[in-house]
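Start at 1 and go down the list; that is how both ligands and their atoms are numbered. All values reported here derive from a predicted model rather than from experimental measurement.
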Amino acid sequence: MNSVGRTPALTSRLPQVGTTIFSVMSALAQQHDAVNLGQGFPDFGCDARLLDAVNVAMRSGHNQYAPMAGVMALREGIAEKIATLYGRHYDPDREITVTAGATQAILTAVLAVVQPGDEVILLDPCFDSYAPNVALAGGIAVHVPLTPGSFAPDFDRIARAISPRTRLIVVNTPHNPSGTVWSAADMQRLSELLQPTEALVIGDEVYEHMVFDGMQHQSVARWPELAARSFLVSSFGKTYHVTGWKVGYVAAPAALTAEFRKVHQFNVFAVNTAMQHGLAAYLRDPQPHLELAAFYQRKRDLFARGLQGTRLRPLPCAGTYFQCADYSDVSDEEDTAFCERLTREAGVAAIPMSAFHAQPIQEGLIRFCFAKEDTTLMLALERLRVL
Ligand code: GLN
């Protein structure tokens with residue numbers, strides 16, 4: 001007979017944290033056979049050429065550990081892409097690191113630079129991993145709301161939040177969940193604001209290739225003052241429709257990269273080798289990332305126009321593959337309850353906005369992901385029309 005041992009009691013490192021909303025809503029969607037417009041991932045496949053390139057890499061023997069910082073051919077391709085798009089050269093050897101997705105990149109950057117008691121400015125609403133990352137580093141999250149309605153940065157409030165203890169600010173453009181895109185003037189303002197400070201920046205730019213209506217993505221790499229203090233984070237999962245591969249990267253000045261790699265090497269050591277070789281080969285063609293904005297703009301238009309035939313009110317979406325909507329004409333429930341009911345009763349899953357902020361900024365909003373086949377979007381719209 002097995003005897004039962006005693007597990008010692010724990011004091012949680014993250015007492016406020018449950019299971020991430022993305023896992024919760026995907027599970028609920030599956031349970032109720034709902035159209036899953038919650039968690040952000042495409043329901044269509046990637047380019048067969050990318051699969052072939054990974055296959056070739058595996059079959060030609062790229063199956064042992066990659067170099068800790070990433071396969072050099074991939075780092076070179078990343079450097080070239082950034083230089084072409086944003087006009088800044090990062091040294092692939094000392095300034096670019098391949099990561100197991102952007103989520104790992106952001107945690108690793110936070111752990112590398114935030115000391116206990118350091119302040120980290122987070123602009124709410126923001127991705128749900130940021131605040132727990134800061135907590136794990138022993139830092140103090142300073143939550144600054146974005147402007148209600150537009151979700152544009154409120155620089156007066158950001159300026160007031162900066163203190164001598166500010167170590168880091170996390171800037172996410174194009175912005176998940178709101179779909180807002182920072183303008184050149186916003187970046188200029190941030191640059192001026194941070195110039196006299198010792199604050200570093202994480203530029204979470206995973207949706208960099210999904211910027212619509214002729215606007216341009218304003219990468220931290222474009223702004224010398226920002227680039228000198230930033231970790232630029234991006235993701236192949238978003239760009240190439242392979243979120244499950246979990247491959248992303250960080251570009252940062254050598255001094256920041258050196259600290260980043262000290263943590264990275266004991267965190268994941270290296271990212272899977274064959275994927276990196278495949279991505280390196282595929283990245284030589286810029287067409288896939290250059291075409292992405294038009295591809296998603298059409299889906300945004302289809303979905304946003306469709307929402308106009310429902311009692312949900314779509315918010316403006318300038319970038320990302322997320323469309324937010326106001327449901328206050330349908331219900332006055334709080335957003336989590338509304339999303340659960342929407343999944344169960346209407347058969348469409350979405351993400352409640354409250355999952356993205358410490359304090360409510362604007363009530364009655366939910367986020368849909370439109371990285372879906374047109375038929376999936378049409379089915380969701382048909383179900384939403386009955387609300
Ligand atoms: N970035 C995706 C989203 O916002 C989800 C990532 C995840 O599930 N961890 O939906």
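Listed for the Arg229 side chain is no donor-acceptor partner under 3.5 Å among the backbone atoms of Leu200.
Under 4.0 Å from ligand 1, the heavy atoms of Asn176 that appear belong solely to its side chain. Under 4.0 Å from ligand 1, not a single heavy atom of Phe41 appears.
Atoms of ligand 1 lying under 4.0 Å from any heavy atom of Tyr207, numbered from 1 in the order shown and given with element: 1 (N). Set against the non-hydrogen atoms of Phe322, the atoms of ligand 1 under 4.0 Å away are 3 (C), 4 (O), 10 (O).
One option in Lys246, Arg367, Gln39 has a heavy atom closer to atom 3 (C) of ligand 1 than any other, and that option is Arg367.
For the residue pair Arg261 / Thr97, a side-chain donor-acceptor distance below 3.5 Å is found, with atom types taken as modelled.
A cation-pi arrangement is present between Lys372 and Phe41, with the terminal nitrogen or guanidinium carbon under 6.0 Å from the aromatic centre and inside a 45° cone about the axis.
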Requested in this report: Could you walk me through whether Ser219 and Arg88 pass side chain to side chain donor-acceptor pair (under 3.5 Å), step by step?
Outcome: CA-CA 10 Å; Ser219 173; Arg88 177 162 311 276; over 6 Å; no
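Contact of the Tyr249 side chain with the Ile82 side chain is registered, since non-hydrogen atoms from C-beta on lie closer than 4.5 Å.
Protein heavy atom nearest atom 6 (C) of ligand 1, with residue, atom name and distance: Phe127 CZ, 3.8 Å.
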